[in-house]
Amino acid sequence: MISLIIDRVGNVNIFNVLDGNTPSGESHLQSTIDDDLLLEYISEIENLVRVSNIVQNSTNKTTILNTDILSELKTLGQTFFHQFFPSEIVERLRLATDKSIHFNIDPRLALIPWEVLHDGNCFLADKFHIGKTIRGGFHVKPNHGKEKLKMLIIADPTEDLVWAQREGEELFKILSEKVSSSRLEMEFIGGKHITKLKLLSLIKDKNIIHYSGHLYFSDDPLENGWLLADGKILKAREIKNSGISTDIVFSNSCLSSTQVSKSINTNIMNNFAGSFLMSGIKTFIGTNWEILDNQNTIDFTIRFYSYLFSDKTVGESLFMTREYARRNYDPNDLTWANYSLYGNPDFTILLDPENDPAAQKIINPSFVMNFYPTPIALSYVNFLNSQKENQPTEQQMEKLIQCFEEFSKVLGSIVFSDHKYHTLGKKFPENQDDSIPISKWWELIHACLWDFKKLKITPHVESIIDILNSNHDVIRKLLNWTLMYKEGKIDESSRDSYLITYQYFYENLLVELEEFEKINIFLVSENSNYHYFFRGMKPQSSLITAPLVKQDYVGEQIEKFRGNLVVYNEKKKIMIPYHANIIDNQEKGELALSFPGYQIIDYKNKTTT
């Protein structure tokens, strides 16, 4: 899969390409395109859609059609394709053999219907399984398990959309016939008797939710929602609070609000999709424009689910449905272009994704803030605050590099401590006099992991060898950019580009090493069962928890390490000595970790100390 990260600074688009999880040669590429040209393209596409809808709703299509809609769409898509993408990206996409592409884009580019861009040979929707994410560290690995799924179909809760009711009924009927009850358990709900409480109780444990009805939009994404009877709205905020963890939401919906003054419908839909993804939903399928109330819309929906239950990924199911529509619907029917997938196109649904560690890989700042080791959590919060406060790019870049430094120090010290625990004979820097810079620090990390691999020793953090090997190029780039910044080799005009890509790579590392949530660094009390944990933003004293069958073993380890700093793996219930210093921060009234063997970068003078 190609992952294309696109940011926008002023009128400049900045592109970085990942092949799977690995940086490719195409990085920090740029193109310049003014807002008026971007919006003009969107407007022209919308005009074609309106013409298409008029034609499809007409009983005599031939007499009213004065333009070849598909040809016009191709011309617009091809012209904009070459204006928007730099030549290197144009060639990459034109010659690509990858099946999937994931756009990770700046919110200001959310308006673009990527599906109808044309590379000169075909529309992107004819070539790729397409997914998009609006700016965020989204990273999902393909899943392959197949279990029984639960599906909820919600149809026409306001009882004023005849086709919506029909769509829900036909979908329920056909899936009941085609999909075994051993694989799919379905519920159908429709009409004005749908209440907010009832709907909240129904959606909580569903893997798939299909909604056919009105949407309500607000300037606040979490106030967006589904319009119910009597003007009631089930809001994204309420859906989020329900604890929902749904795999797919398919929203075949009509725009319903006049309160939001947006000139482009796709922007409204992007806000709505984003609000659902914020609520814990993994993939969202929605429409770019108003849907047509006709049989083709129903047919498109049913075919998507037919492919999905034939063991296809979400992106492949949408791709194959588009392909069918292009072959079988009227050439000027743009139903195929109307649907967008928000999320990873290679995502496959599972009944219980929590049992599969690869099921959901989305950066969750609250997890980092509350469960990761304190140096990592605190530095990440400081960086997020600098973004929220819109501090100068230079300050944000420094705080982001500090995040990677704290990550490196904590991770490195865990690896070094593990190596020492197995008495494998390496010498590690332990004071300021023999401290080493970040590049040497990482060389030492990889050397230790190589020793583990040679000797077939399972590291204390079990996943670390595979994760760091698969992210070798990512770490190398982060180290290079850290060094470039330290030496003043990143000019001011390029800082935004580096900041965006650096953040993307770093957050993906945090997501990959989610095992940190189960790794505790704490100072074992000398005489009580309350120990001082360096976990989350603020260190604090707490009891250690362990299953009853492990209590005696954990207790033995506690007694062994009284008064010492340890790193404890909750999953394995094993603790080892953690080699770092503890300093007393009297100003904050708390202790802090220190790593004297690590050479700290002084950003003010761009030197090391």
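As the structure is a prediction and not an experimental result, all values here were calculated from the model.
- In this structure, His28 and Thr501 approach most closely via the heavy-atom pair CE1-OG1, 3.8 Å.
- To the nearest 0.5 Å, the span separating CD1 on Ile500 from CG on Asp106 amounts to 7.0 Å.
- Rounding to the nearest 0.5 Å places CD1 of Ile153 at 13.0 Å from NZ of Lys173.
- One distance of note links CD1 of Ile2 with CD1 of Ile101; it measures 5.0 Å at 0.5 Å rounding.
- Residue pairs that meet the salt bridge (Lys or Arg N to Asp or Glu O under 4.0 Å) test with at least one member in residues 28-37, sequence neighbours left out, are Arg8-Asp35.
- Between the side chains of Arg50 and Asn53, not a single donor N or O lies within less than 3.5 Å of an accepting N or O.
- In this structure the side chain of Arg108 never reaches within 4.5 angstrom of the side chain of Leu38, judged on heavy atoms.
- Lys206 approaches Thr246 most closely through the heavy-atom pair O-OG1, 3.0 Å.
- Nearest heavy-atom pair, Tyr307 versus Ser317, reported as atom, atom and distance to 0.1 Å: C-OG, 3.6 Å.
- Listed here is the closest heavy atom pair of Ile194 and Pro157: CD1-CB, 3.7 Å.
- Between the side chain of Lys198 and the main chain of His193, no donor-acceptor pair closer than 3.5 Å is present.
- For the pair Asp156 (side chain) and Asp160 (backbone), a donor-acceptor distance under 3.5 Å is present.
- Here Glu316 contributes atom CD and Thr348 contributes atom OG1; the two are 9.0 Å apart, rounded to the nearest 0.5 Å.
- Ring geometry, Tyr305 versus Phe250: the interplanar angle falls from 30° to 60°, so the pair is classed tilted.
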Solution key, residues 75-84 side-chain donor-acceptor pairs under 3.5 Å, sequence neighbours excluded:
unit_1: Thr75; atom_1: OG1; unit_2: Ser71; atom_2: O; d: 3.0
unit_1: Thr79; atom_1: OG1; unit_2: Thr75; atom_2: O; d: 2.8

Next on the checklist: Please evaluate residues Thr335 and Asn296 with respect to the criterion side-chain hydrogen bond (donor to acceptor under 3.5 Å, both in side chains), reporting the C-alpha separation (whole Å), side-chain torsions for both, the decisive distance (0.1 Å), and the verdict.
Outcome noted: CA-CA 8 Å; Thr335 300; Asn296 281 354; 5.1 Å; no
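- Glu115 has its side chain out of reach of Leu318: every pair of non-hydrogen atoms, C-beta onward, lies at least 4.5 Å apart.
- Closest heavy-atom contact between Ala155 and Gln165: O-OE1, 3.6 Å.
- Taking CG from Leu73 and CG from Leu334, the interatomic distance works out to 6.0 Å, rounded to the nearest 0.5 Å.
- Side-chain N or O atoms of Thr313 include one that pairs as donor or acceptor with a backbone N or O of Pro345 at under 3.5 Å.
- No donor-acceptor contact under 3.5 angstrom links the side chains of His102 and Asp346, judged on distance only.
- With hydrogens and angles disregarded, a donor-acceptor distance shorter than 3.5 Å links the side chain of Asn294 to the backbone of Thr297.
- Summarising the geometry of Leu478 relative to Leu509, their closest heavy-atom pair is CD1-CD1, 3.8 Å, with the distance given to 0.1 Å.
- With respect to Arg166 and Glu169, no salt bridge is recorded, no charged nitrogen being found less than 4.0 Å from a carboxylate O.
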Next on the checklist: Does Val249 form a side chain to side chain contact (heavy atoms under 4.5 Å, CB included) with Tyr211? I'd like the steps, not just the answer.
Outcome noted: CA-CA 8 Å; Val249 169; Tyr211 177 81; 5.5 Å; no
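- The backbone N or O of Ala337 sits less than 3.5 Å from a side-chain atom of Asn288, completing a donor-acceptor pair.
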Item to check | His210 vs Glu167, side chain to side chain contact (heavy atoms under 4.5 Å, CB included): CA-CA, chis, key distance, verdict | outcome: CA-CA 10 Å; His210 183 88; Glu167 175 187 306; 2.6 Å; yes
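- Remark: side-chain polar atoms of Asn13 are not paired, donor with acceptor, to backbone N or O of Gln30 under 3.5 angstrom.
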Item to check | Working for ring-ring contact (aromatic ring centres under 6.0 Å, His included), residues Trp336 and Tyr329 | outcome: CA-CA 9 Å; Trp336 64 271; Tyr329 298 173; over 10 Å; no
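- Side chain of Asn328 to backbone of Tyr324: a donor-acceptor contact under 3.5 angstrom is found.
- A 4.5 Å side-chain heavy-atom check between Glu323 and Arg303 finds every atom pair outside the cut-off.
- No side-chain heavy atom of Asn508 sits under 4.5 Å from any side-chain heavy atom of Val474.
- Between His118 and Phe123, the ring planes are perpendicular. Angles over 60° get that label, and only those under 30° would be called parallel.
- Using a 4.5 Å heavy-atom cutoff, the side chains of Leu117 and Tyr41 are in contact.
- Between the Asn207 side chain and the Leu149 main chain, no donor and acceptor come within less than 3.5 Å of each other.
- No side-chain heavy atom of Asn104 sits under 4.5 Å from any side-chain heavy atom of Leu18.
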Next on the checklist: Walk me through whether Asp473 and Lys477 qualify under side chain to side chain contact (heavy atoms under 4.5 Å, CB included).
Outcome noted: CA-CA 6 Å; Asp473 289 339; Lys477 285 213 168 193; 5.6 Å; no
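- Of the possible polar contacts, none joining the Ser100 side chain to the Met1 backbone as a donor-acceptor pair under 3.5 Å is found.
- Asp126 pairs with exactly one of Lys74, Arg327, Arg326, Arg322 by the salt bridge (Lys or Arg N to Asp or Glu O under 4.0 Å) rule, that one being Arg326.
- Residues Asp333 and Phe300 are not in side-chain contact: their nearest non-hydrogen atoms beyond the backbone lie 4.5 Å or more apart.
- No donor-acceptor contact under 3.5 angstrom links the side chains of Thr287 and Asn338, judged on distance only.
- In this structure, Ser43 contributes its side chain and Leu39 its backbone to no donor-acceptor pair below 3.5 Å.
- To the nearest 0.5 Å, the span separating CG on Asn47 from CD1 on Ile69 amounts to 11.5 Å.
- Residues Phe15 and Pro86 are in side-chain contact: their nearest non-hydrogen atoms beyond the backbone lie under 4.5 Å apart.
- Atom NZ of Lys232 sits in a sparse spot, with 12 or fewer heavy atoms from other residues, nucleotides or ligands closer than 6.0 Å.
- For residues 75-85, there are no salt bridge (Lys or Arg N to Asp or Glu O under 4.0 Å) pairs, not counting sequence neighbours.
- Tested against Trp481, the residues Tyr504, Phe505, Tyr506 include a single ring-ring contact (aromatic ring centres under 6.0 Å, His included) partner, Phe505.
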Next on the checklist: The test is side chain to side chain contact (heavy atoms under 4.5 Å, CB included); show your working for Phe103 and Leu109 and say whether it passes.
Outcome noted: CA-CA 10 Å; Phe103 291 96; Leu109 301 174; over 6 Å; no
